[in-house]
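Single-structure report; data block below.
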Amino acid sequence: MDFFSRGYTALRGERGQPQSADETIDKLADCLETATLLEDRRAAVLGLKGLQVGNKSFPGLIKVLHLDHKDVDITKSLLETITCLCTVHHQYDKDERGFKFTDYFIEDSNNVTVLADILEEFDFYVRYNTIKLLSTLLSNRSKRIQECILTNPMGISRLVDLLDDKRDIIRNEGLLLLIGLTRNNTEIQKIVTFQATFEKLLYVIEEQEGISGDIVVQDSLTLMHNLLRYNISDQVYFRETSCIQQIPGLLGYVGDSEADHVPYSFEDWPPQKVANTILVLQLVRILTEPENSSTPINQTVMAQSGLLLPIVQLALCSNAPSPVRTEALYAIAYVIASNRSNQISLAQIAVASPPALDKDGQPQGAQGLPRPAIVSLISIAVMEDGGIHYSYSSRAAATHAIYSCLADNEETQLVLASTLKSSPPEDNANSSFADKPRSAGSLLLEMIEDWEQSSSSDPYKVWFACDILSHVIRQSEKAKHVVGSIVFGDESKGEDPVPLLHHVVAQLLMATKDPNANPRIPIGYLTLLCVWLYESPASVGLFLAESTHAQFLIQEMQSSTNDPVVQGLIAYLLDQMNSLLARLRDSPAIKNAPQYLQITPEEEEANPLPSLLLDSVFVDFFKSTCENVQKTLKKKPADFNRIEHISTPSSPVVVDEVVQSYKAKIAEQDSLIKSFEQKMKELETIVQSLTVENNQLKSVNNENVLLKEQASNKEKEVQEFKEKLVQQQTKFEELEKEQEDILVLMGDQDLQIKKYRKKLRELDQVITDSEEEEEE
């Protein structure tokens, strides 16, 4: 009763007279500062708790917090009061009083230290309110709170211990506090990690039934992300404590690892399960980030722990929602990227193809035939999978996964290139199956062979097919040779064989001429051609074997009706037009190319088609070579070294024009020689009687013979040079140099003619002298 009477007296005044709010607050604040009895300070705190406390009382509250934090009752009221004072109601108002009280409280790090000490108290309300106050302070001034926590050696340890609290609310609030505390602070991340936090979190997730659990699972995974992202030491700890091996279990893989293929599965996907699954898959990506020193060994451990099967099932043979499927596809790409062993493991996995769907999109009948995982990836990318609709984000992710299968792996490139064959005929033994066997290459060819089969609303069928094929042949002359040997047309039926390369150009021609064709279609064909012809003499020779190709590209490049990206890619393909190259280099298509072919759900919902025009790998290829191309274009023809150009395998070939030019020059030389021979015969007839000049005429005749030999040698040299041109593919600019050589030859002929004219003059003079002597 004495406790309540003290509080009542403080509010009513000593004589029982009513007081104003300001008078009451001042009196209670003085009591906080001066009271020597715990009961008096407790009464003052309770009195202030429900009032609009001003600046004067706040220092007193902090003082009592330090003095009496062992007292449960007063501490609960203090924590609630300080939390209310520090709460910010208008985050964008710099003068908000919550910020001022927060700054005052955290100015002295000992104030945060005492909060960490209070966490030792097991009382529910004390712990709960301490966590809420720390969370409020962290929300207002995160960086300063992180600094204060680091100054207390036991602070982080006490926070992590909250994860062991059996009271769900305390554990969950402590989890949220740790999420905020570990964000963007490597030092705190390390200290938290070495408190066995991963083990605690995995236990919490398992207790909550894994990805099927509630939001606590989401929060636990979010804290894992904070601790592992860009933190190599934490990743090493995660791996060495065998936490990676528990990731497959988190995904709840339902397949049989001993089966000959991964079966198709149907599950319920409530929103929370979707969010949890995505976080697990993103955890895989964090641990296998490209250029990370821990990535190779993390990839190996993941494969050894059987992680490929559950992510393959989610990505390729389940009814997982689009966001989950997309993340699973990226997870596959990250686990196998630049890892030959994991690439081989994926290549050996067979998966069930999806069952046929009815008109309502529901599964109808049994699952399809098992097929290689790479075929399923291509089917998703080009939308050829039993009528199932895949989002653009999933299709882009599937394409990126295929690229990861092929990157730095020429063997797989050649295997995939060898499957580029047409689909099996209708009378195939498997024709009774709804899903006839399809090879990876036949799916690509079907899309590339005829772009018109793709409706204008889905140009990405061709785009993704061209992009995948460009990865199949990228930086592999052997793969380009295999693909270059593919021809269309049955000679037995009287059809002319058409190489695939020529067929691609023909499809490009039709797409650029069709006003209804989406620009993404010619862009897809052009990026494929750019990769195909780069540093490949044989491919360039095959391209120029059809004389109309270069003319067509030049016309399209100059056409004002074409998309600027299309014009720029044609210019890049032809190594000319600096201005167009610069325009392409600075275009949004180059600058905004998404890394790893990522398409956001927001972009997919906002537009009928995503803004994706160019693959980021092609953009890197373009940027790395564009500068050299532009420098080359600025050189004058005379600046080029003839031998260097002959040995450059990427030089454009213009064999026919050069050879025809030489033949024309040789014909002119032959005509001149015949003319000289006729003149010599006439001269010999005229001077036949002149014995004195007979030796001179013989000398002239010898020179004539020598000239014939020189012409013959020149013809041989031209033939040899023709062969060198066919083999080495000299650049177009060398035409000017070759023309200069021809001019030199003609100059030589002019010198010869001048010599003959001089001889004629000398002979005429001799004849004149002889006649004069006879007359005399």
Side-chain angles (χ1 to χ4, degrees), residues 79 112-139 142 145-146 148-150 152-229 231 233-247 249-250 272 275-276 279-280 282-283 286-287:
L79 292 171
V112 178
T113 299
V114 75
L115 294 180
D117 294 337
I118 292 173
L119 285 174
E120 288 189 306
E121 173 58 52
F122 189 71
D123 181 83
F124 173 83
Y125 290 103
V126 171
R127 277 199 172 183
Y128 176 79
N129 287 315
T130 303
I131 297 170
K132 295 300 289 184
L133 176 54
L134 283 169
S135 298
T136 299
L137 298 173
L138 182 66
S139 175
S142 59
I145 289 296
Q146 289 172 332
C148 294
I149 291 291
L150 282 172
N152 183 3
M154 296 301 296
I156 293 178
S157 178
R158 287 169 182 156
L159 291 173
V160 174
D161 287 343
L162 295 174
L163 298 177
D164 296 324
D165 199 308
K166 299 303 180 183
R167 295 165 292 189
D168 290 350
I169 295 179
I170 299 296
R171 181 199 61 198
N172 298 347
E173 291 295 329
L175 186 55
L176 293 174
L177 177 58
L178 285 169
I179 290 173
L181 196 63
T182 56
R183 190 174 291 118
N184 302 323
N185 191 302
T186 305
E187 292 304 315
I188 292 180
Q189 291 167 4
K190 291 179 181 178
I191 299 173
V192 170
T193 292
F194 284 92
Q195 303 293 322
T197 304
F198 289 132
E199 293 88 334
K200 297 177 188 291
L201 292 173
L202 288 169
Y203 176 78
V204 171
I205 294 172
E206 182 181 0
E207 194 178 45
Q208 298 292 321
E209 300 182 354
I211 57 174
S212 299
D214 58 17
I215 196 171
V216 177
V217 175
Q218 180 178 342
D219 292 338
S220 299
L221 291 167
T222 301
L223 179 54
M224 281 190 181
H225 285 202
N226 285 1
L227 298 176
L228 291 170
R229 185 177 283 111
N231 195 317
S233 63
D234 285 5
Q235 291 187 18
V236 172
Y237 181 91
F238 189 83
R239 181 178 67 244
E240 292 183 349
T241 53
S242 301
C243 293
I244 288 180
Q245 286 84 339
Q246 298 187 52
I247 297 178
L250 297 181
Q272 188 59 59
N276 293 343
L279 285 171
V280 175
Q282 289 176 343
L283 180 64
I286 289 172
L287 292 167

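Everything quoted here is computed from the prediction, not taken from an experiment.
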How many angstroms lie between [atom1] in [X] and [atom2] in [Y], if you round to the nearest 0.5 Å?
| X | Y | atom1 | atom2 | answer |
| --- | --- | --- | --- | --- |
| Leu134 | Ile145 | CG | CD1 | 6.5 Å |
| Leu138 | Leu133 | CG | CG | 11.0 Å |
| Ile247 | Leu202 | CD1 | CG | 8.5 Å |
| Asn172 | Asp214 | CG | CG | 7.5 Å |
| Asn185 | Lys190 | CG | NZ | 10.5 Å |
| Ile244 | Phe238 | CD1 | CZ | 6.0 Å |

- Item | Mutual orientation of the aromatic rings belonging to Phe198 and Tyr237 [parallel < 30°, tilted 30-60°, perpendicular > 60°] |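 Rings of Phe198 and Tyr237: tilted, 30 to 60°.
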Write down the atom of [X], the atom of [Y], and the distance for their closest heavy-atom approach.
| X | Y | value |
| --- | --- | --- |
| Leu250 | Ile211 | O-CG2, 3.0 Å |
| Arg171 | Leu163 | CG-O, 3.6 Å |
| Gln189 | Asp234 | O-OD2, 3.3 Å |
| Leu181 | Gln146 | O-NE2, 2.9 Å |
| Ala116 | Asn152 | CB-ND2, 3.2 Å |
| Glu120 | Arg127 | O-NH2, 4.2 Å |

Between [X] and [Y], is any pair of side-chain heavy atoms under 4.5 Å apart?
| X | Y | value |
| --- | --- | --- |
| Leu221 | Gln282 | no |
| Leu162 | Leu178 | no |
| Thr130 | Val126 | yes |
| Ile286 | Gln235 | yes |

- Message: With side-chain contact (heavy atoms from CB on, under 4.5 Å) as the criterion, how do Leu223 and Lys200 come out once you've worked through the C-alpha distance, each side chain's angles and the decisive distance to 0.1 Å?
- Response: CA-CA 11 Å; Leu223 179 54; Lys200 297 177 188 291; over 6 Å; no
So, the side chain of [X] versus the backbone of [Y]: is there a donor-acceptor pair under 3.5 Å, distance only?
| X | Y | value |
| --- | --- | --- |
| Glu121 | Asp123 | yes |
| Gln218 | Asn276 | no |
| Ser142 | Ser139 | no |
| Gln272 | Gly213 | no |

Assess whether atom [atom1] of [X] is packed by more than 12 heavy atoms of other residues, nucleotides or ligands within 6.0 Å.
| X | atom1 | answer |
| --- | --- | --- |
| Tyr125 | OH | no |
| Glu199 | CD | yes |
| Glu209 | CD | no |
| Asn184 | CG | no |
| Tyr203 | OH | no |

- Determine the sole option in Asn226, Ile156, Thr193 for which the side-chain contact (heavy atoms from CB on, under 4.5 Å) test with Ile188 is passed.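 Only one of Asn226, Ile156, Thr193 forms a side-chain contact (heavy atoms from CB on, under 4.5 Å) with Ile188, namely Ile156.
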- Message: I'd like to check the side chain to side chain contact (heavy atoms under 4.5 Å, CB included) partners of Asp219; sequence neighbours left out, ordered by chain and number.
- Response: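 With neighbours one apart ignored, the set is Leu175, Leu176, Ile179, Ile215.
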- Arg158 and Asp161 ion-paired at < 4.0 Å: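 So Arg158 does not pair with Asp161 through a salt bridge.
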